There are 2 protein chains.
Amino acid sequence: MTRIKASSTIQENKLAAYQLCPVTYVMEKISGYWKPIILYQLLSGSKRYNELKKAIPSITEKMLIQHLKQLETDQLLIREALPVVPPHVTYRLSPSGERLQPVLQAMAAWAIEDSKDKEHILFSKSLS
Amino acid sequence: MTRIKASSTIQENKLAAYQLCPVTYVMEKISGYWKPIILYQLLSGSKRYNELKKAIPSITEKMLIQHLKQLETDQLLIREALPVVPPHVTYRLSPSGERLQPVLQAMAAWAIEDSKDKEHILFSKSLS
DNA sequence: AATGATACATACTTTAGGGTAAGTACTTGT
DNA sequence: ACAAGTACTTACCCTAAAGTATGTATCATT
């Protein structure tokens with residue numbers, strides 16, 4: 001797994017900004033291209049590793065587990081492994097992760113509204 | 001300004017995912033470490049370039065304008081320059097940007113809740 | 001003539017994130 | 001004996017994003 005160097009300017013800045021700006025705090029936890037997408041998928045209930053893979057076709061396996069591990073460490077989701085063979089592992093949102101629901105849903109709502117506008121622009125452009 | 005290469009795997013994936021997942025659409029627009037932070041600052045009203053710089057001390061000037069330009073291109077904010085010397089430039093949210101308010105505020109709310117929990121953990125740890 | 005203020009721009013370098021490809025372990029099915 | 005399914009792991013590489021440092025234009029002030 002890709003390790004993160006502890007001391008670089010950005011890491012220190014992050015640490016500082018962390019305490020000052022609540023939005024920064026969120027970005028620490030859910031930034032990274034795939035994280036919100038994974039979380040969004042888990043809003044509808046717990047999923048197995050393979051189910052997530054299928055639900056997010058363009059993600060690579062490396063990215064998937066990497067972020068799953070990260071999200072687990074950040075206590076946004078909970079991993080449950082049944083000691084059977086072949087393995088059976090499920091991921092679900094933690095209480096903290098579930099509290100992100102309004103955030104993710106506000107995102108989705110905005111996206112739908114905003115892309116509606118953009119279609120309109122595209123449409124009027126295609127007429128000119 | 002740093003240019004973005006048009007065709008690389010990630011760019012193509014982004015384009016594909018873009019249409020499928022609303023959260024991805026949002027991430028296109030507000031991902032990048034500083035973007036939500038800048039937007040959050042502008043929620044409280046229009047600000048001058050220097051005001052933003054002071055409000056976000058750890059951001060570099062390069063990152064600041066780079067993201068301001070990007071946000072302007074994405075039509076999330078509006079730049080207004082008075083033709084005076086020294087220059088007087090203000091930035092404010094566009095209608096589309098203002099519609100992000102629920103998102104950013106949901107983020108902030110979550111951050112406050114979540115860090116409350118974490119303080120508690122830290123506190124109990126310091127006792128043991 | 002030099003300094004300060006404002007809002008940038010630009011060249012160069014580093015780093016973190018993401019991508020590719022291949023391998024692992026363990027068992028069931030053919 | 002070999003393939004297939006599950007959930008990963010690991011090594012290596014490449015690029016986009018972020019950081020550092022310095023420069024620019026214009027005028028007012030000292």
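Keep in mind that what you see is a predicted model, and the values were worked out from it rather than measured. In the text below, chain A, chain B and the rest are named by the order of the sequence lines, each starting its count at 1.
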Counting heavy atoms from C-beta on, name the nucleotide in [options] closest to the side chain of [X].
{"X": "A/K62", "options": "C/dA7, C/dG19, D/dT9", "answer": "C/dG19"}
{"X": "B/R79", "options": "C/dC8, C/dA7, C/dG19", "answer": "C/dC8"}
{"X": "A/P86", "options": "C/dT20, D/dG5, C/dA7", "answer": "D/dG5"}
{"X": "A/N50", "options": "C/dC8, D/dA7, D/dC8", "answer": "D/dA7"}
{"X": "A/M63", "options": "C/dA7, C/dC8, C/dG19", "answer": "C/dG19"}
{"X": "A/R48", "options": "D/dT6, C/dA7, D/dC8", "answer": "D/dT6"}

Calculate the interatomic distance between [X] atom [atom1] and [N] atom [atom2]; express it in whole Å.
{"X": "B/E51", "N": "C/dT6", "atom1": "CD", "atom2": "C1'", "result": "12 Å"}
{"X": "A/L64", "N": "C/dT20", "atom1": "CG", "atom2": "P", "result": "15 Å"}
{"X": "B/Q70", "N": "C/dA9", "atom1": "CD", "atom2": "P", "result": "14 Å"}
{"X": "A/L68", "N": "C/dG18", "atom1": "CG", "atom2": "P", "result": "13 Å"}
{"X": "A/H88", "N": "C/dT28", "atom1": "NE2", "atom2": "P", "result": "17 Å"}
{"X": "A/L82", "N": "C/dT27", "atom1": "CG", "atom2": "P", "result": "16 Å"}
{"X": "A/Q66", "N": "D/dC12", "atom1": "CD", "atom2": "C1'", "result": "14 Å"}
{"X": "A/I65", "N": "D/dA11", "atom1": "CD1", "atom2": "P", "result": "13 Å"}

Notebook entry, point to check: Just by distance, with hydrogens left out, do A/E61 and A/Y49 show a side-chain donor and acceptor under 3.5 Å apart?
Noted result: yes
Side-chain heavy-atom pair [X], [Y] within 4.5 angstrom cut-off:
{"X": "B/L43", "Y": "B/Q105", "value": "yes"}
{"X": "B/L76", "Y": "B/I30", "value": "yes"}
{"X": "A/S96", "Y": "B/W110", "value": "yes"}

Check: Is B/K54 salt-bridged to B/E51, going by a charged N under 4.0 Å from an acidic O?
Finding: no
Checklist line | Upstream residue (5' side of DNA chain D) when B/E61 and B/H67 are each assigned their closest nucleotide | finding: B/H67
Notebook entry, point to check: Reckon A/Y49 has a side-chain N or O less than 4.0 Å from the OP1 or OP2 of D/dG5?
Noted result: no
